[in-house]
Amino acid sequence: MKTIIEPFRIKSVEPIYFTTKEQRKEILQKADYNSFRIHANDVLIDLLTDSGTSAMSSNQWAGIMQGDESYAGSSSFFKFEESVRSITGMPYIIPTHQGRAAEKIIFTILGGNGKYFISNTLFDTTRANIEFSGAEGIDCLCAEGKKPTVPAPFKGNMDTGLLRKTIEAKGAANIPMVIITITNNSGGGQPVSMQNIKDTRAICDEYNIPLFIDACRFAENAWFIKLREEGYADRSVPEIAREIFSYADGCTMSAKKDAFANIGGFLAMRNLELAMRCRNLLIITEGFTTYGGLAGRDLEAIAIGLQEVMDEHYLQYRIRSIEYLTNKLIDAGVPVMQPAGGHAVYLDAKAFLPNIPVDQYPGQSLVCALYEEGGIRAVEIGSLMFGKYDEQGKLVPAQMELVRLAVPRRVYTQSHIDYVAEVIIDVFNRRSELGGLVITEETPLLRHFTAKLKPV
Ligand SMILES: *Cc1c(COP(=O)(O)O)cnc(C)c1O
């Protein structure tokens, strides 16, 4: 087989900025060892997130020019609505300015004290919105999903046995919704199988609990189903996507992921009464029902991006480019989450830095080292992001200590990725020199965005 190439050519470029290692040491210190606090112009290769960082296509830019900025009934809204509906099959489509705005609305309505939301793994903003409402989020990830280096085809799957037990323990009446996150962002960008979605649906039906999908990476998940699940090799990606959504009562989505948009999101659902309640909140917090916190031009970009993302040449290149980096690291002995996920490479920081205890945040230490060594920005997905304190104020660590290198869509070329591999391998070869970090300042929710740290 020949090299799988970028299925696009480049019409417009933007510069990236070079710094020296000495400069980066100083920048890190000024940023309090938190990659979110580093100025973007001080970053060479930015793998902080794949969210809102995609390169839009010439078609999307053309759509931007055609945006209809009418307050009510904008033609851009109807294009957006039709695009979302063609994929999800859901009648009620509600635009929001991001995924978390959709979450805020739905959990304000369905959450509250004494309620439980069960998921394969809740993403951090999803969990935060659930907890902010007074409810509790519970993850029921399959066992293989918790073992970073054990390969399996669908490590994002729900543990359906545990789901059933949790429903029995908490009482179906206290569970307003089960949520499947595809792909599982916090668990390595690992996919969920169609069979698992069906099985989860069957359990939800038994207990009369609605099933929602956190659909941020639905196309990447659909591609994995096509590649790995029996019976789907000859089905088209749009067909697979429609089948996924056919099992759900609704979904939330961040258009900053698999819609190639720089901003945007939506809620979609089948229940009219719930949709009306969501729209009432939307008008208070986001805007009128036909723009929901977005400009008409954003709705155009999303409508077009949602269709482009299902192109099979694109998905083949996308998934292969993550696998390419993962395999280079595996060959060099670097501990990474296996198999490769859909949007990011996850380093296993616990195995990478066994000398740094979890309460000194080995993941964050590795994030800082990658920046210092090569100007690469990554993010910790471990105890800085998910750690809690017990009553004695002792850290309750996260299940895994991961470092995520999220790859923006259609942005970097193969030589950028080769450079990233070289930097990671350099850091790996001098890993015994790295030390831990302590937190000096933090907020109660989503502390990783703003926390300040310093070397031990
Ligand atoms: C990004 C993301 C969200 C939140 O979307 P925003 O647009 O960033 O608010 C929710 N769930 C998952 C799985 C995500 O990756």
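Because the structure is a prediction, the values reported are computed rather than measured. First listed ligand is number 1; within each ligand, the first listed atom is number 1.
Under the rule for a side-chain contact (heavy atoms from CB on, under 4.5 Å), the partners of Asp32 that lie at least two apart in sequence or sit in another chain are Arg37, Lys452.
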Acceptor/donor pairs from residues 137-147 side chains to any protein atom, 3.5 angstrom cut, sequence neighbours excluded:
residue : atom : partner : partner atom : Å
Asp139  : OD1  : Leu122  : N            : 3.0
Asp139  : OD1  : Arg127  : NH2          : 3.3
Asp139  : OD2  : Arg127  : NH2          : 3.2

Which pairs would a plain distance check flag for residues 277-285, meaning a side-chain donor or acceptor within less than 3.5 Å of a matching protein atom at least two apart in sequence or in another chain?
residue : atom : partner : partner atom : Å
Asn280  : ND2  : Met276  : O            : 3.4
Thr285  : OG1  : Leu281  : O            : 3.0

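Of all the heavy atoms in Ala102 and Phe266, the pair that sits closest is CB-O, 3.7 Å. Here the closest non-hydrogen pair linking Pro148 and Met400 is CG-SD, 3.7 Å.
Screening Lys256, Arg409, Arg410 for a salt bridge (charged side-chain N to carboxylate O under 4.0 Å, His left out) involving Asp50 leaves a single residue, Arg409.
Listed by chain and number, residues touching ligand 1 at under 4.0 Å (heavy atoms only) are Gln98, Gly99, Arg100, Glu103, Phe123, Thr125, Thr126, Thr181, Asn185, Asp214, Cys216, Arg217, Ser254, Lys256, Lys257.
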